[in-house]
Enquirer: 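Pasting in a structure now, in C-alpha cells, and then I'll have a few things to ask.
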There are 2 protein chains.
Amino acid sequence: MTASSPTTRIQMRNRASILEAALDVFSAHGFRGATVDQIALAAGLSKPNLLYYFPSKEAIHNALLEQLLDLWLAPLRTLRDDGDPLQELLAYVRRKLEMSRDYPRESRLFANEIVQGAPRIHDALSGDLKQLVDEKCAVISGWIEEGRIARVHPYHLIFSIWSLTQHYADFDVQVRAVLGTEDPFEGASGFIETLYTRLLTPA
Amino acid sequence: MTASSPTTRIQMRNRASILEAALDVFSAHGFRGATVDQIALAAGLSKPNLLYYFPSKEAIHNALLEQLLDLWLAPLRTLRDDGDPLQELLAYVRRKLEMSRDYPRESRLFANEIVQGAPRIHDALSGDLKQLVDEKCAVISGWIEEGRIARVHPYHLIFSIWSLTQHYADFDVQVRAVLGTEDPFEGASGFIETLYTRLLTPA
DNA sequence: GATTGATTTGACCATTCGGTCAAACCGACG
DNA sequence: CGTCGGTTTGACCGAATGGTCAAATCAATC
C-alpha cells in the first residue's frame, strides 16, 4: 500500500468495490448520514478491511468527488465554438440529461454536497468550474453578438441547463410521485429541447 | 405542556426559537448531519430544555416540514384559471423565485429531504402535492387546447419552474462561485421571464 | 513447501449523540 | 410569605460511530 509498491489485482478490485458502494451510500444519505459500516457491508468487506484501503471515511468521499468532477464537467468541455450554435447547445443539453438518467447517484452526490454549502469542494467551484464556465460563456456571448442565437444571459443559460437536467436525477422521487408511472425522461427530453429551441432561435 | 393546558408566553417564544434554530441547522447540514446540541445552542437553550418542548429531534424536523409544505405550495395554489394564461404563469414564476430569494433555508430543507429519497414526506408528495399539480396541470392543458399558450407538456412545465427557481436557493454557493460578485437574482429574474415568455407565447 | 509481504479480522477504544431524570429554580397568585 | 405549576439544568445512560491494533490468514514467489 505504499506509494512505491505495485497495485495488485486485489487492491484494484477492492478499491473499485469500495468506491462503488460508497457512491451508493453517500448519494442516498449524504456524507454525515452514511456510516463506514454501511459502506463496508455494501462493498462486501469488514470495516477494518475497508479502512485498510482508505485511511478514513472522508478520504473515500474525497476520492469520489475528485473522480466525479471530471465526469461531471465533461459534457460542457465538449461544447465546440465551431459548428451551429443552437445545435451545439442542444447537444450539450442532451448529454447533460443523459447524465442525469445514467448517473443519478453521481448527480445526487453533488447535490448533497452543494446544498450543504459545498464545504469540501468550494475551491474547485470557484477555480476549475468557474474558469470553464467563463470560457464557454465567452463563446456563447460571441454567438449572441454575431446574431446566431437570441440574446440571453449566458451564465444563467448555463445555470438553467444544469438545473433543468439535474432536477430529474436529484428530485427523482418527487417527479415520479407526481407523474405516476409515466417515464420522466421521455417527456423531459422533448420538453427541454422545445424550450431551448424557442428560447435561443433568433427572432 | 398537556393538551388542555394553555400555551404560555414562554412556550410560544421558546417553540419559535427552536423551530427557527432548527431551520438553520437542518437546512445547512441535513437531518442526520444536524445535532440536537447544535439546535439547542442556536436556540439559546440547553439540550434537556429543548427536549422539554419537543419530544425528539425527529419531532422538530417533522414540525418544520409540516409547517413548510403549506408555505411551499402556496404560490402554485394561487394560480388562477381565469385571467391571462401567460401572465398567470409568469406571476407564478415570479412568486416562486421570490421564495428562493426570501426563504432559501426552507428551500434547502426540502432539497435535503427530497434528494435523499424523501423518507419522511413521501406520502405528502404522492398525496397533496400530486393532487394539486394534477389540478393545475388540467388548467394549463385547458389553456393549451384553447390555443392561448403554446403546446408544452404541462407537468414538465411545472417541473421546469420548480427546478429553475429553486436552483438559486439550493445551489446558491455554486451559482455565486461562478458569478462572482454579481447578484444572482437580478439576472435570474430577467432570464427566466424571457425564457417562459418565448416558450409559452403561441406561435 | 517454506518464506514473506499483502490482506483480513475480532476485539477494542474514545467520542459523539439522542434522550432521561431527579432535583433545582422561577414566577404568578393567593 | 408560601405554594404550586411551569421551566431549567447538571449528571447521567446506552447505543452508534469512526477509527486502531495485534494477531491470524492468504497468496505469490523462490
Side-chain angles (χ1 to χ4, degrees), chain A residues 1-65 112-113 116 119-120, chain B residues 1-65 112-113 116 119-120:
Chain A
M1 255 284 290
T2 66
S4 61
S5 77
T7 305
T8 70
R9 200 174 51 253
I10 292 179
Q11 275 179 34
M12 285 189 32
R13 172 171 48 83
N14 283 347
R15 279 176 180 275
S17 297
I18 291 169
L19 289 176
E20 167 70 18
L23 179 57
D24 252 17
V25 178
F26 280 135
S27 68
H29 305 289
F31 177 77
R32 192 62 153 56
T35 74
V36 178
D37 282 294
Q38 255 180 312
I39 299 172
L41 183 71
L45 300 173
S46 66
K47 184 171 63 169
N49 198 8
L50 181 147
L51 290 167
Y52 170 73
Y53 290 99
F54 288 89
S56 70
K57 176 183 173 181
E58 187 156 12
I60 306 174
H61 196 249
N62 286 342
L64 268 184
L65 284 179
N112 265 305
E113 177 70 9
Q116 298 187 8
R120 282 166 261 270
Chain B
M1 254 283 290
T2 66
S4 61
S5 78
T7 304
T8 71
R9 201 174 52 254
I10 293 180
Q11 274 179 35
M12 285 189 34
R13 173 169 50 82
N14 284 346
R15 279 175 181 277
S17 298
I18 291 169
L19 289 176
E20 168 69 19
L23 180 57
D24 252 17
V25 177
F26 280 135
S27 67
H29 305 289
F31 178 76
R32 193 62 154 55
T35 72
V36 176
D37 281 294
Q38 257 180 310
I39 299 171
L41 183 71
L45 299 173
S46 66
K47 184 170 63 169
N49 198 8
L50 180 147
L51 289 167
Y52 171 72
Y53 291 99
F54 288 89
S56 70
K57 175 183 175 183
E58 188 156 12
I60 306 173
H61 195 250
N62 286 343
L64 269 184
L65 284 179
N112 265 306
E113 177 70 9
Q116 298 186 7
R120 282 167 260 271

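Chain identifiers are assigned alphabetically (A, B, ...) following the order of the sequence lines, protein sequences preceding nucleic acid strands; residue numbering begins at 1 within each chain.
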Enquirer: Please verify the inter-ring angle class for Phe31(B) with Phe26(B); under 30° counts as parallel, over 60° as perpendicular, anything in between as tilted.
Expert: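 Parallel, since the angle between the ring planes stays under 30°.
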Enquirer: Please report, rounded to the nearest Å, how far the P atom of dC25(C) is from the CG atom of Leu45(B).
Expert: 19 Å
Enquirer: Starting from C1' on dG19(D), measure out to CD on Glu58(A) and report it in whole angstrom.
Expert: 14 Å
Enquirer: On the nucleotide dT9(D), are OP1 or OP2 found under 4.0 Å from the side-chain N or O atoms that Asn49(B) carries?
Expert: yes
Enquirer: Give me the atom names and distance for the closest heavy-atom approach of Ala63(B) to Leu19(B).
Expert: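 Nearest heavy atoms, Ala63(B) then Leu19(B): CB-CD2, 4.1 Å.
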Enquirer: Identify which nucleotide among dC21(C), dT7(D), dT9(C) has an atom closest to any side-chain atom of Tyr53(B), counting heavy atoms from C-beta outward.
Expert: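 Comparing dC21(C), dT7(D), dT9(C) against the side chain of Tyr53(B), the answer is dT7(D).
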Enquirer: So does Thr8(A) get a side-chain nitrogen or oxygen closer than 4.0 Å to the phosphate oxygens (OP1/OP2) of dT7(C)?
Expert: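 Checking Thr8(A) against dT7(C): at least one side-chain N or O falls below 4.0 Å of OP1 or OP2.
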Enquirer: Report yes if a side-chain nitrogen or oxygen of Arg9(B) is closer than 4.0 Å to either non-bridging phosphate oxygen (OP1 or OP2) of dG27(C); otherwise report no.
Expert: no
Enquirer: Once hydrogens and angles are ignored, does a donor-acceptor distance under 3.5 Å link the base of dG19(C) to the side chain of Lys57(B)?
Expert: no
Enquirer: If you find the nucleotide of DNA chain C closest to Ile10(B) and the one closest to Lys47(A), which residue's nucleotide is nearer the 5' end?
Expert: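 On the 5' side of the pair lies Lys47(A).
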Enquirer: Please compare Leu51(A) and Thr35(A) by the position of their nearest nucleotide in DNA chain D and report the one closer to 5'.
Expert: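 Mapping each residue to its closest nucleotide by heavy atoms, the 5'-most match is Thr35(A).
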Enquirer: Within the structure shown, what part of the strands sits under 4.0 Å from Ala40(A) by heavy-atom distance: base, sugar-phosphate, or nothing?
Expert: nothing
Enquirer: Figure out the CD1/P separation between Ile60(A) and dT17(D), and round it to whole Å.
Expert: 15 Å
Enquirer: Can you tell which of Asn62(A), Val36(A), Ile60(A), Asn14(A) makes a side-chain contact (heavy atoms from CB on, under 4.5 Å) with Phe54(A)?
Expert: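 Only one option passes, and that is Ile60(A).
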Enquirer: How many whole angstroms separate atom CD of Gln38(B) from atom C1' of dT16(C)?
Expert: 12 Å
Enquirer: Considering every strand and a 4.0 Å limit on heavy-atom distances, what is the contact class for Ala59(B): base, sugar-phosphate, or nothing?
Expert: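 Ala59(B): no heavy atom of the nucleic acid under 4.0 Å.
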Enquirer: For the side chain of Pro48(B), starting at C-beta, report the closest nucleotide among dC21(C), dT7(C), dT20(D).
Expert: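 Looking only at heavy atoms from C-beta outward on Pro48(B), the closest nucleotide is dC21(C).
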Enquirer: Give the rounded distance in Å between these two atoms: OH of Tyr52(A) and C1' of dT25(D).
Expert: 13 Å
Enquirer: Just how far, in rounded Å, is P of dG19(D) from CD1 of Ile18(A)?
Expert: 13 Å
Enquirer: Give me the atom names and distance for the closest heavy-atom approach of Ala21(B) to Ala43(B).
Expert: CB-N, 3.6 Å
Enquirer: Please state how far atom CE in Met12(A) lies from atom C1' in dA27(D), giving the value in whole angstrom units.
Expert: 18 Å
Enquirer: Closest approach of Arg32(B) and Gly33(A), non-hydrogen atoms and distance?
Expert: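 Nearest heavy atoms, Arg32(B) then Gly33(A): CG-CA, 3.2 Å.
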Enquirer: Which of the following nucleotides, dT8(C), dG18(D), dT8(D), is nearest to the side chain of Asn14(A)?
Expert: dT8(C)
Enquirer: Does Gln11(B) make a side-chain N or O approach to OP1 or OP2 of dG6(D) shorter than 4.0 Å?
Expert: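 So the side chain of Gln11(B) is outside the cut-off, no N or O lying under 4.0 Å from OP1 or OP2 of dG6(D).
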Enquirer: Without decimals, in angstroms, what is the distance between Phe31(B) CZ and dC17(C) C1'?
Expert: 12 Å
Enquirer: I want to check something: taking the side chain as every heavy atom from C-beta on, are His61(B) and Ile39(B) in contact at a cut-off of under 4.5 Å?
Expert: no
Enquirer: When you match Arg32(A) and Leu50(B) each to their closest nucleotide on DNA chain D, which lands nearer the 5' end?
Expert: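 Nearer the 5' end of the strand: Leu50(B).
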